[in-house]
Amino acid sequence: AKSKKYIRDLIADEMFSEQLWKTHIHSAINGPIIISGNSGSGKSIFINAAIEELPDEVNGLIIQADNELFSEKHPDIIAFHTVTRRGTGISYGFSEIAENGMLMDREYLIFSEVKGKEAADVFKAAHTGHNPWLSLHAPNNRAALYQFGNYTKISADISLEDFFRMIADLNFTLIHISDFKIDELTRVVGWDDDLKRI
């Protein structure tokens with residue numbers, strides 16, 4: 001979309017209620033979040049609206065392959081997209097942009113459409129004091145967390161259990177969207193040593 005919807009529009013469109021926004025979603029966007037759903041479910045529309053709700057005093061970097069995410073009014077959100085020029089050796093992928101974002105001390109790193117090894121960059125950002133947001137395709141929040149873990153394993157030498165142990169204390173919020181409606185909201189609150197799970 002060339003113009004974006006704002007949170008008030010999403011409430012009017014019944015993507016979520018005003019009460020859910022005030023009690024859970026608004027606080028969730030101040031930390032790390034995973035937004036999942038199928039293609040065309042409304043993930044990017046939600047993220048674009050949420051970007052404008054970040055306080056003016058924080059900064060962020062959008063990392064994307066396509067120019068879907070943008071800010072219209074936030075004073076310190078910048079957007080980069082991946083570039084590969086065939087035959088030149090020039091390539092700026094998620095990893096290169098994320099690494100530079102961390103060097104620039106960007107507080108929020110917003111990864112659009114994570115589909116593979118770039119999940120390890122999200123994982124790294126989460127463990128170095130940044131607030132990563134990532135969107136990915138998954139049928140529900142549980143699957144989204146496993147998808148994040150399996151994608152991370154592609155590039156990181158880590159078991160799925162170790163991934164979950166390390167992610168457990170970062171207070172990720174998982175938001176699943178189906179047919180332009182938030183149908184699942186989950187907060188990660190820790191690790192259960194007895195059950196060996198988040």
Quiz item: Got a second to check how far I34's CD1 is from K43's NZ, nearest 0.5 Å?
Solution: 13.5 Å

Quiz item: Under 3.5 Å, side chain of N38 to main-chain N/O of S41, donor-acceptor pair present?
Solution: no

Quiz item: Does the S135 side chain pair with the main chain of E113, one donor and one acceptor, at a distance under 3.5 Å?
Solution: yes

Quiz item: Quick one: does D9's side chain have a donor or acceptor within less than 3.5 Å of a partner on Y6's backbone?
Solution: yes

Quiz item: So, do Y146 and F164 have ring centers that fall under 6.0 Å from each other?
Solution: yes

Quiz item: Does atom CD of E161 have more than 12 heavy-atom neighbours, drawn from other residues, nucleotides or ligands, at distances under 6.0 Å?
Solution: yes

Exercise. Mark yes or no for whether S27, through its side chain, and H24, through its backbone, hold a donor-acceptor pair below 3.5 Å.
Key: yes

Quiz item: Do the side chains of I154 and I167 join up, straight or via other hydrophobic residues, at under 4.5 Å, putting them in one cluster?
Solution: yes

Quiz item: Between A50 and I29, what is the shortest heavy-atom contact and its length?
Solution: O-CD1, 3.8 Å

Quiz item: If you group Ile, Leu, Val, Met, Phe, Trp and Tyr by side-chain heavy-atom gaps below 4.5 Å, do V58 and I62 land in one group?
Solution: yes

Quiz item: Counting only N and O atoms by type, is there a donor-acceptor contact under 3.5 Å from the side chain of D192 to the main-chain atoms of D194?
Solution: yes

Quiz item: L134 versus E118: any side-chain heavy-atom pair under 4.5 Å?
Solution: no

Practice problem: Would you indicate whether K22, at its atom NZ, is surrounded by more than 12 heavy atoms from other residues, nucleotides or ligands within a distance under 6.0 Å? | Solution: no

Quiz item: Nearest 0.5 Å, what's the CG-NZ distance between D121 and K117?
Solution: 9.0 Å

Quiz item: Does D162 use its side chain to pair, donor to acceptor, with the backbone of I158 at less than 3.5 Å?
Solution: no

Practice problem: Taking the side chain as every heavy atom from C-beta outward, state whether L109 and W133 have any pair of such atoms under 4.5 Å apart. | Solution: no

Quiz prompt | Donor + acceptor pair across side chains of S36, H137 (<3.5 Å) | solution = no

Quiz item: Is any side-chain heavy atom of Y108 closer than 4.5 Å to a side-chain heavy atom of L61?
Solution: no

Practice problem: Indicate yes or no for a side-chain donor-acceptor contact from H127 to the backbone of V122 under 3.5 Å, with no hydrogens or angles considered. | Solution: no

Quiz item: Distance-only, no hydrogens or angles: does the D13 side chain make a donor-acceptor pair with backbone N or O of M15 under 3.5 Å?
Solution: no

Quiz item: Salt-bridged, K4 to E52, with N to O below 4.0 Å?
Solution: yes

Self-check item: Side chain to side chain, I51 and I47, heavy atoms closer than 4.5 Å
Solution: yes

Quiz item: Between L54 and H74, is a side-chain contact (heavy atoms from CB on, under 4.5 Å) present by the stated rule, with each step listed?
Solution: CA-CA 8 Å; L54 289 172; H74 193 285; 4.1 Å; yes

Self-check item: Pair E107, N59: side-chain N/O donor-acceptor within cut-off below 3.5 Å
Solution: yes

Quiz item: Any sub-3.5 Å donor-acceptor pair from N171's side-chain atoms to P32's backbone N or O?
Solution: no

Quiz item: Hey, are D76 and R106 close enough for a salt bridge, meaning a charged N less than 4.0 Å from a carboxylate O?
Solution: yes

Quiz item: In Å and rounded to the nearest 0.5 Å, what is the CG to CD1 distance from D183 to I177?
Solution: 8.5 Å

Quiz item: Do N150 and L160 touch side chain to side chain, with heavy atoms closer than 4.5 Å?
Solution: yes

Quiz item: Who are the salt bridge (Lys or Arg N to Asp or Glu O under 4.0 Å) partners of D193, not counting sequence neighbours?
Solution: R165

Quiz item: Under a 4.5 Å cut-off applied to non-hydrogen side-chain atoms, are I45 and L10 in contact?
Solution: yes

Self-check item: Side-chain (E14) to main-chain (I11) donor-acceptor, under 3.5 angstrom
Solution: no

Quiz item: Is the number of heavy atoms from other residues, nucleotides or ligands within 6.0 Å of CZ (R197) greater than 12?
Solution: no

Exercise. Show your working on side-chain contact (heavy atoms from CB on, under 4.5 Å) between D66 and Q64 and close with a plain yes or no.
Key: CA-CA 6 Å; D66 300 308; Q64 57 193 339; 5.9 Å; no

Quiz prompt | Separation between OH of Y151 and NZ of K153, rounded to the nearest 0.5 Å | solution = 13.5 Å

Quiz item: Quick one: are L174 and V188 in side-chain contact, heavy atoms under 4.5 Å?
Solution: yes

Quiz item: Between F46 and I182, is any pair of side-chain heavy atoms under 4.5 Å apart?
Solution: yes

Self-check item: CG-CG distance between N131 and N30, expressed to the nearest 0.5 angstrom
Solution: 8.0 Å

Practice problem: Only pairs at least two apart or in different chains count here, so list each ring-ring contact (aromatic ring centres under 6.0 Å, His included) that has a residue in residues 167-198. | Solution: F148-F172

Quiz item: Do you know the tightest heavy-atom contact between L69 and A79?
Solution: O-CB, 4.2 Å

Practice problem: Considering non-hydrogen atoms only, spot the tightest contact between S112 and E68 and give its length. | Solution: OG-OE1, 3.4 Å

Exercise. Work out which heavy atom in D169 is nearest to a heavy atom in G190; give both atom names and the distance.
Key: OD1-CA, 4.2 Å

Quiz item: Roughly how far, to the nearest 0.5 Å, is the CG atom of N141 from the CD atom of E184?
Solution: 4.0 Å

